[in-house]
Amino acid sequence: MKFKILTFALSVGILVGASAQEEQVQYKTEGNPLFSHKYTADPAAIVHDDVFYLYAGQDAGDGKGYHIPNWVVFSTEDMKTWTEYPIPLKAEDFKWSTGPSAWASEVVERDGKFYWYTSTEHATIPGKAMGVAVSDSPTGPFVDARGTALVTNDMTTEWASHSWDDIDPTVFIDDDGQAYIYWGNLQCYYAKLKDNMIELDGEIMPVDLPDFEEAPYIHKRGEWYYLSYASMFPERTAYAMSKSIKGPWEYKGILNEVAGNSNTNHQSIVEFKGNWYFVYHNGALPRNGGSYLRSVCIDYLYYNEDGTMKRVQMTTEGVDRIE
C-alpha cells in the first residue's frame, strides 16, 4: 500500500474540526507535540509485535469545552515515522451513549483480541459510564463488545456523589493472568475482570491516593507495580508504588508537572525497544491549543536505582529515532 508522507512541524496548519480519516497516512514527526493536523488527547499506548500503537481521543470544536466525537490510532516502529489509520471507534458506536464524549480510554490485548475500554456519557443512566469494544486488530475497526455499559454512575454512589467519577479506565493483566481495571475521578476504584474481559468479576473497591484527581495508569517493572495518576488541578502527574497490584500503595511524589497550557494531564507509560516512554498531552500547539484542544507528546522516562521514577523532563525535541 502506498502512503502519503507528511512532515509535521508547529508551522503546519491546524484542522480545528473533526475530519474523517478514511485511509492510512504516514507522517514524519519533528518533536513535540507529535501531530499538528488534528488535536489529540488522553493518550494510551501498547506494544504489539514490535510495533508501538498510540490511541487518543480527538479534540474538536471551538476550544470552549470538551467536544470529542471519536478516538484515533497511530503506530510507529521507529518513534519518528507514524502511520494513522481510519477512525477505529466513535462515541456513537456505543448505542447506549450520547453526545460527542469520546473520553479517555485504553486498549489491551488478550488471546489475539484487542479490548478498548472507554469512558463516555450514558444516554439513560445520568452520568459518565465506561464501555468496552473489541477487535481482531490493534487498529480496528472496533465494535461494542457488550451492548451495554461495563460500569455506570449508579454503581459507585457509595463513594462519590458527582456524576463523572466513572471515567479514565486503565486495564492491567497481571503475571498470573488475572486482569484488573482501575478508573475514577476524585475517587479511584479498581475491580477484577473476568477472563472474557468484558465483565467485572467481584465487587468494586476504592483506592485511597493523596490528591487523586483522575487518569489512573498501571504499569509494572521488575517486582514493582506503579500507579500513576493526575493529581490536583491544574493537574500534575503523581505516582505510588506497591509490591502488589491490589496495594497498599506508597505515595512517591510528582512525576510530571503541569503540561503547558492544559489544565489536564493524562499519561501512559510503555517500554519499547529498550527505552521507557512517557506519553502525555499538552495544549502547546500555536493559535488555538489549550485545555480543550490538546496534543499528544512523548518524552523519555528514567528510573532510579531503588525503582522510583525520575521526574519527567518535558521537551520540544521529543525522543530520538530508533535505528
Side-chain angles (χ1 to χ4, degrees), residues 18 21 38-48 52-60 66-75 84-110 113-122 127-135 137-146 148-152 164-173 179-185 188-191 193 197-198 200 214-219 228-230 264-270 279-281 294-296:
Q21 179 67 30
K38 62 179 59 173
Y39 296 102
T40 50
D42 300 325
I46 64 169
V47 174
H48 179 71
F52 187 106
Y53 292 93
L54 173 61
Y55 305 87
Q58 182 179 347
D59 279 347
Y66 292 117
H67 184 90
I68 317 171
N70 58 267
W71 293 275
V72 292
V73 57
F74 302 83
S75 73
E84 183 179 11
Y85 300 86
I87 291 174
L89 187 64
K90 301 178 181 179
E92 65 187 29
D93 292 335
F94 296 99
K95 301 306 181 185
W96 48 265
S97 73
T98 183
S101 55
W103 282 31
S105 62
E106 184 172 339
V107 175
V108 297
E109 183 272 335
R110 184 162 202 166
K113 291 187 178 294
F114 297 84
Y115 297 89
W116 198 329
Y117 300 86
T118 67
S119 46
T120 185
E121 189 77 20
H122 204 284
K128 296 296 181 183
M130 301 192 309
V132 54
V134 66
S135 176
S137 166
T139 59
F142 286 77
V143 297
D144 188 351
R146 293 171 45 92
T148 60
L150 176 65
V151 175
T152 53
W164 61 94
D165 59 312
D166 296 301
I167 63 171
D168 295 2
T170 181
V171 171
F172 181 85
I173 302 175
Y180 296 83
I181 182 168
Y182 278 70
W183 74 95
N185 173 279
C188 185
Y189 308 104
Y190 85 91
L193 288 170
M197 301 296 285
I198 64 171
L200 299 186
E214 57 188 359
Y217 184 83
I218 300 283
H219 78 281
S228 51
Y229 59 93
T264 60
N265 212 328
H266 195 108
Q267 77 294 344
S268 183
I269 297 172
V270 180
V279 194
Y280 61 102
H281 67 232
R294 298 159 294 181
S295 299
V296 171

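No experiment lies behind these values; they were computed from the predicted model shown.
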Can Arg294 and Tyr39 be said to form a side chain to side chain contact (heavy atoms under 4.5 Å, CB included), step by step? CA-CA 5 Å; Arg294 298 159 294 181; Tyr39 296 102; 5.9 Å; no
Just do the side chain to side chain contact (heavy atoms under 4.5 Å, CB included) check on Val134 and Tyr115 with the steps written out, would you? CA-CA 5 Å; Val134 66; Tyr115 297 89; 3.7 Å; yes
Does any non-hydrogen side-chain atom of Val107 lie less than 4.5 Å from one of Pro138? no
Not counting sequence neighbours, which residues clear side-chain hydrogen bond (donor to acceptor under 3.5 Å, both in side chains) with Ser135? List them please. none
Quick one: closest heavy-atom pair of Thr170 and Ile218, and the distance? OG1-N, 3.7 Å
Taking every non-hydrogen atom, the tightest pair across His281 and Asp42: ND1-N, 3.0 Å
Can you label the angle between the Tyr55 ring and the Trp116 ring as parallel, tilted or perpendicular, going by 30° and 60°? perpendicular
Minimal non-hydrogen separation, Ser268 against Pro43, with atom names: CB-O, 3.6 Å
Gap separating the CG atom of Leu89 from the CH2 atom of Trp71, nearest 0.5 angstrom: 5.0 Å
Side chains of Tyr229 and Tyr182 in contact at under 4.5 Å (non-hydrogen atoms): no
Counting C-beta onward and ignoring hydrogens, is there a side-chain heavy-atom pair between Asp166 and Tyr189 closer than 4.5 Å? yes
Can you check whether Val73 reaches Phe142 side chain to side chain, under 4.5 Å on heavy atoms? no
Side chains of Glu121 and Lys128 in contact at under 4.5 Å (non-hydrogen atoms): yes
Do the side chains of Tyr117 and Leu193 get nearer than 4.5 Å, heavy atoms only? yes
Sequence neighbours left out, what pairs pass side chain to side chain donor-acceptor pair (under 3.5 Å) with at least one residue falling in residues 88-100? Trp96-Asp144
Minimum side-chain heavy-atom gap Thr139-Ser75 below 4.5 Å: no
Between Ile198 and Arg146, the two heavy atoms sitting closest are O-NH1, 2.6 Å
Within the 4.5 Å heavy-atom criterion, are Val108 and Met197 side-chain neighbours or not? yes
Could you tell me which residues satisfy side-chain contact (heavy atoms from CB on, under 4.5 Å) with Thr40, sequence neighbours excluded, listed by chain and number? Phe35, Lys38, Ala56, Val72, Phe74, Val296
side-chain hydrogen bond (donor to acceptor under 3.5 Å, both in side chains) partners for Thr120, two or more places apart: Ser101
Nearest-0.5 Å distance that lies between atom CD in Glu106 and atom NE2 in His266: 7.5 Å
If you compare all heavy atoms of Gly140 against all heavy atoms of Pro88, which two are closest, and at what distance to 0.1 Å? CA-CB, 4.5 Å
From Thr118 atom OG1 to Ile167 atom CD1, the distance as rounded to the nearest 0.5 Å: 12.0 Å
What distance do Trp164 atom CH2 and Glu214 atom CD have between them, rounded to the nearest 0.5 Å? 11.0 Å
Using side-chain contact (heavy atoms from CB on, under 4.5 Å) as the criterion, list what pairs up with Val47, not counting sequence neighbours. Phe52, Val270, Phe272
Under the side chain to side chain contact (heavy atoms under 4.5 Å, CB included) rule, what do Leu150 and Leu200 come out as? Steps first, then yes or no, please. CA-CA 8 Å; Leu150 176 65; Leu200 299 186; 4.1 Å; yes
Separation between CD of Gln267 and OH of Tyr280, rounded to the nearest 0.5 Å: 12.5 Å
Please report the shortest heavy-atom distance between Ile269 and Ser228, naming the atom on each side. CD1-OG, 3.9 Å
Under the side-chain hydrogen bond (donor to acceptor under 3.5 Å, both in side chains) test, residues paired with Arg110 that sit two or more places apart: none
Rounded to the nearest 0.5 Å, how far does OH of Tyr66 lie from CG of Asp59? 8.0 Å
